[in-house]
J.: 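Next up is a structure, given as structure tokens.
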Amino acid sequence: MTNMPQKNLYLPEIATVREVIQETPNIKTFRVVLDNEDAMNAFTFEPGQVGQLSVFGVGESTFVINSPPTRMDYLQFSVMRVGELTTKLHQLSAGDKVGVRAPLGNWFPYESMKGKNIVFIGGGIGMAPLRTLLLFMLDNRADYGDISLLYGARSPQDMAFQYELPEWLEREDLNTVLTIDNPCEGWEHTVGLIPNVLLEMEPGAKDTVAVTCGPPIMIKFTLQALKKLGFEDSQIVTTLEKRMKCGVGICGRCNIGTKYVCVDGPVFTAAELGDLPNEL
Amino acid sequence: MTSKYIPADRLTAWLDELAASNRVLVPVRDNAAVAFQPYTGGDQELVLDTQATTPPKGSVFPASEPLMTFEYRKDEENPGKVDVAVQPTMEAAPTVVFGCRPCDARGFTIFDRVYNTDGMRDHYYAARRKNTSFVSLVCKETASSCFCHWVGEGPADTRGSDVLATPVGQGYVLEPITEQGKALVESKTLDNATQEQLDATAQVKQDARDSLGDAVDVSEAQEALLRLFDDMEFWQDVSAKCISCGACTYLCPTCYCFNITDESCGNQGFRIRSWDNCMSYLFTLEGSGHNPRPTKAHRLKNRVGHKFSYYPGLHEGLIACCGCGRCIKSCPVSVDIREIVLRAMETATAETKAS
Ligand SMILES: Cc1cc2nc3c(=O)[nH]c(=O)nc-3n(C[C@H](O)[C@H](O)[C@H](O)COP(=O)(O)OP(=O)(O)OC[C@H]3O[C@@H](n4cnc5c(N)ncnc54)[C@H](O)[C@@H]3O)c2cc1C
Ligand code: SF4
Ligand code: SF4
Ligand code: FES
């Protein structure tokens, strides 16, 4: 018998926003710390897991914890403003209180990725979950082979994490390619849609795992490009987004057939997606 | 366990006794509907000869309940700082539901596997479930919308009930099913049932079961519904009439989806859990504007699929429908879940043969 969880599933930990970073015109990053010091010290999670962030009085929404478990000074969430809660979050500043229910969901299979080459392909806010795994792997660099990152956004202003891009570009042990959709004055990197740039990069499929995340349309064409490059479905890892409430497999909102994205996901291999009913 | 007997005219004496230490819910008329409401005493007219319009779902899983309160507080030492205090709330008064149907009580056994397991326990549900007993009334007459025998044991199914009450003569035979039920019938108000009354009970149960006719084997539905997942023509056809009103989910004893929202008033408020409804467009609408279930055909597919395919796929073949027929009875445009399941099984079989 497993232990009965004594925790109230819905009760968030109170946390304080330590820092807010304006990433792009509509993405802000929040670095938060649980107020209960013991809870913060005991907090563990795996790269790819998500949390429910609340603004009391407005509600809760799901975001990836995009700081890696190897850097536990704070938990970082990057939030794109799309609706009511995300707008309220964007109005917060350092010192404000939020609720955190985390960690939830499954995580990237980083154990089985050991010894392999890794290709990260992120589009827009989809870079957030990739950031967790990328930093985690960089912090455990010896465990992995070649690591490449292809990160695309609509325009230079839409590119998040600008403060760390120079470091990523400079690192010898990371092959970083940045791309935007259309040419733009002052842009020194690649121009072109992610799937096309990926085909030009031509990463070898042998002993390689591709990790991709972004808007559905980008994912669709990226999967096609990866297949052209010889990647099998089992070598492709991605994350799914579904509207979530409970985050623990009870409220019944996020199912695709028998799978619940909040507990069986958000991380799936393309092979696992192929086995799901077609309801993405 | 010894069965008891209570004449109908002594019923209120027993309910009064139960009400001394429990919240007792009974089926009473509520405008055009019959609903479970708190028992207020002998003047109340109980409606026991027909299935209630709404199931007693709210006894354990209220339509709306606070999960916690929150309050923003100014830090007295540092007026620039605001703190927030969160307090879980829980209300789980000992409750007896009297006069629901066996199918209604069995509905909670379908909840249990999701809300109350060793791995995942919803404390709010678990506390109320533990504190709630069901005295279910065996159907003397069944309705044309009833199909409990397709998905369970039939009108005298004991699963989920603590006491099974069978109408016999001018009263009821009370058969304790669980220890909790045994405690309920340990009352001086009740007599031991006679052999004659027990025999009559068996006959009532048999007659009710017989009136339903043969059961249809729906075990193939699990596979068939998955097979038809991409057959949108099928789903558009069976959902053509649906007006997405959601009545079928709110009246269903086995529908358990919910939403969580905040209600605030000034610097304090509640986080509230409320029933939600997979037949509505907003249920799966994502922040990006993408909706994986954009049409009512997609949504009805999920509702039927969840009950007859996905849930059984996760829970040893157990169907997440108790056959109460409320969704059939109360659908304003007569969508019939039985018809959809039958047609799905036929269509999938026909397609297999054709290929
Ligand atoms: C596993 C997972 C990980 C995620 N990670 C991230 C992340 O790292 N960063 C990030 O930015 N996002 C992430 N998301 C997405 C994020 O959860 C949503 O963008 C967020 O929940 C939107 O919240 P909101 O309250 O602001 O939107 P809502 O206010 O709910 O509205 C969003 C949009 O939905 C529609 N809508 C919703 N409700 C209604 C209604 N009642 N009436 C009319 N229209 C409505 C509207 O189109 C509205 O603009 C993730 C999602 C999942 C599932
Ligand atoms: S699906 Fe219909 S028949 Fe089945 S339990 Fe729900 S309301 Fe009753
Ligand atoms: S009750 Fe009938 S019309 Fe209303 S949502 Fe259900 S199936 Fe559709
Ligand atoms: S979010 Fe509630 S079941 Fe997945």
Side-chain angles (χ1 to χ4, degrees), chain A residues 1-16 35 52 54-62 80-86 95-99 125 215-217 240-260 263 276-280, chain B residues 67-68 70-72 80-88 90 114-115 117-125 226 229-230 255-265 267-269 271 273 276 278 282-293 298 301-302 305-306 309-314:
Chain A
M1 207 171 86
T2 47
N3 286 331
M4 170 171 158
Q6 293 301 326
K7 230 171 71 180
N8 181 326
L9 297 174
Y10 308 107
L11 198 65
E13 289 276 350
I14 303 298
T16 302
D35 283 5
Q52 291 278 12
S54 23
V55 179
F56 295 99
V58 189
E60 280 185 320
S61 280
T62 322
M80 188 158 108
R81 183 159 44 81
V82 293
E84 206 181 330
L85 182 100
T86 48
D96 283 337
K97 300 291 178 187
V98 290
I125 187 70
I217 186 80
L240 286 188
E241 184 179 327
K242 285 268 167 256
R243 204 172 167 79
M244 289 183 185
K245 272 294 165 182
C246 70
V248 291
I250 299 183
C251 79
R253 189 176 301 267
C254 70
N255 76 302
I256 306 173
T258 56
K259 294 282 189 243
Y260 286 82
V263 286
L276 288 180
N278 175 22
E279 195 177 63
L280 302 182
Chain B
L67 297 174
M68 63 198 74
F70 54 85
E71 186 182 359
Y72 286 97
K81 235 176 94 191
V82 177
D83 223 332
V84 58
V86 173
Q87 195 62 45
M90 173 130 21
V114 178
Y115 278 76
T117 67
D118 288 333
M120 196 59 78
R121 198 167 322 275
D122 181 310
H123 283 50
Y124 302 84
Y125 174 87
L226 280 179
F229 200 90
D230 289 325
C255 272
Y256 59 72
C257 293
F258 63 81
N259 197 0
I260 302 175
T261 49
D262 285 6
E263 286 287 333
S264 59
C265 178
N267 58 355
Q268 54 191 7
R271 177 155 294 173
R273 178 224 312 264
D276 204 350
C278 69
L282 294 176
F283 191 70
T284 49
L285 181 64
E286 290 162 24
S288 62
H290 172 66
N291 194 339
R293 296 185 199 134
H298 292 92
K301 169 171 74 178
N302 182 67
H306 179 236
S309 181
Y310 321 148
Y311 186 101
L314 291 171

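Computation of the quantities below employed the complete heavy-atom set of this structure, encompassing side-chain atoms and omitting hydrogens, waters and symmetry-equivalent molecules. So you know, we letter chains A, B, ... as the sequences are listed, proteins then strands, and number each from 1.
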J.: Checking heavy atoms, do the side chain of B:D122, its backbone, both or neither come under 4.5 Å from chain A?
T.: both
J.: Going by side chain to side chain contact (heavy atoms under 4.5 Å, CB included), A:N255 matches just one of B:T284, B:L314, B:N302. Which one?
T.: B:N302
J.: If every non-hydrogen atom of A:Y10 is compared with every non-hydrogen atom of B:M68, which pair is closest and at what distance?
T.: O-CE, 3.1 Å
J.: Can you tell which of B:G289, B:P292, B:G313 has the highest number of heavy-atom pairs within less than 4.5 Å of chain A?
T.: B:P292
J.: Sequence neighbours left out, what pairs pass salt bridge (charged side-chain N to carboxylate O under 4.0 Å, His left out) with at least one residue falling in residues 240-249 of chain A?
T.: A:K242-B:E286
J.: Do you know the tightest heavy-atom contact between B:D262 and A:V58?
T.: OD2-N, 3.4 Å
J.: Non-hydrogen atoms of chain B under 4.5 Å away: do they reach the side chain of A:V98, the backbone, both or neither?
T.: neither
J.: Go through B:Y256, B:F229, B:Y125 and name the one with the most non-hydrogen pairs under 4.5 angstrom from chain A.
T.: B:F229
J.: Which bit of B:N291 comes within less than 4.5 Å of chain A, counting heavy atoms only: side chain, backbone, both or neither?
T.: neither
J.: Under 4.5 Å, counting heavy-atom pairs only, tell me which of B:Y310, B:Y115, B:Y311 racks up the most with chain A.
T.: B:Y310
J.: Would you mind telling me which of A:P12, A:G252, A:G257 has the largest number of heavy-atom pairs within less than 4.5 Å of chain B?
T.: A:G257
J.: To the nearest 0.5 Å, how far apart are CZ in B:F258 and CZ in A:R253?
T.: 8.5 Å
J.: With a 4.5 Å cut-off on heavy-atom pairs, point out which of B:H290, B:R293, B:K301 contacts chain A the most.
T.: B:R293
J.: Should B:Y124 and A:L9 count as side-chain neighbours, where that means a heavy-atom distance under 4.5 Å?
T.: no
J.: Sort out for me which of A:C254, A:G59, A:G57 touches chain B most, counting heavy-atom pairs under 4.5 Å.
T.: A:G57
J.: Give, for atom NE2 of B:H123 and atom CG of A:L11, the distance between the pair rounded to the nearest 0.5 Å.
T.: 10.5 Å
J.: Does any backbone or side-chain atom of B:L226 lie under 4.5 Å from a heavy atom of chain A? Answer side chain, backbone, both or neither.
T.: side chain
J.: Identify the two heavy atoms, one from B:H306 and one from A:Y260, that lie closest to each other, and give their separation to 0.1 Å.
T.: NE2-OH, 3.6 Å
J.: Write down the atom of B:P88, the atom of A:N8, and the distance for their closest heavy-atom approach.
T.: CB-ND2, 3.9 Å
J.: What part of B:F283 gets closer than 4.5 Å to chain A, counting heavy atoms only: side chain, backbone, both or neither?
T.: both
J.: Output the option from A:S61, A:S54, A:P215 having the highest count of non-hydrogen pairs under 4.5 Å with chain B.
T.: A:S54
J.: Given heavy-atom pairs under 4.5 angstrom as the criterion, report whether the side chain, backbone, both or neither of B:V84 touches chain A.
T.: both
J.: Under 30°, 30 to 60°, or over 60°: which ring-plane class applies to B:Y72 and A:F56, parallel, tilted or perpendicular?
T.: perpendicular
J.: What part of A:L280 gets closer than 4.5 Å to chain B, counting heavy atoms only: side chain, backbone, both or neither?
T.: backbone
J.: Test side chain to side chain contact (heavy atoms under 4.5 Å, CB included) on B:D83 and A:K97; report intermediate values, then the result.
T.: CA-CA 7 Å; B:D83 223 332; A:K97 300 291 178 187; 3.2 Å; yes
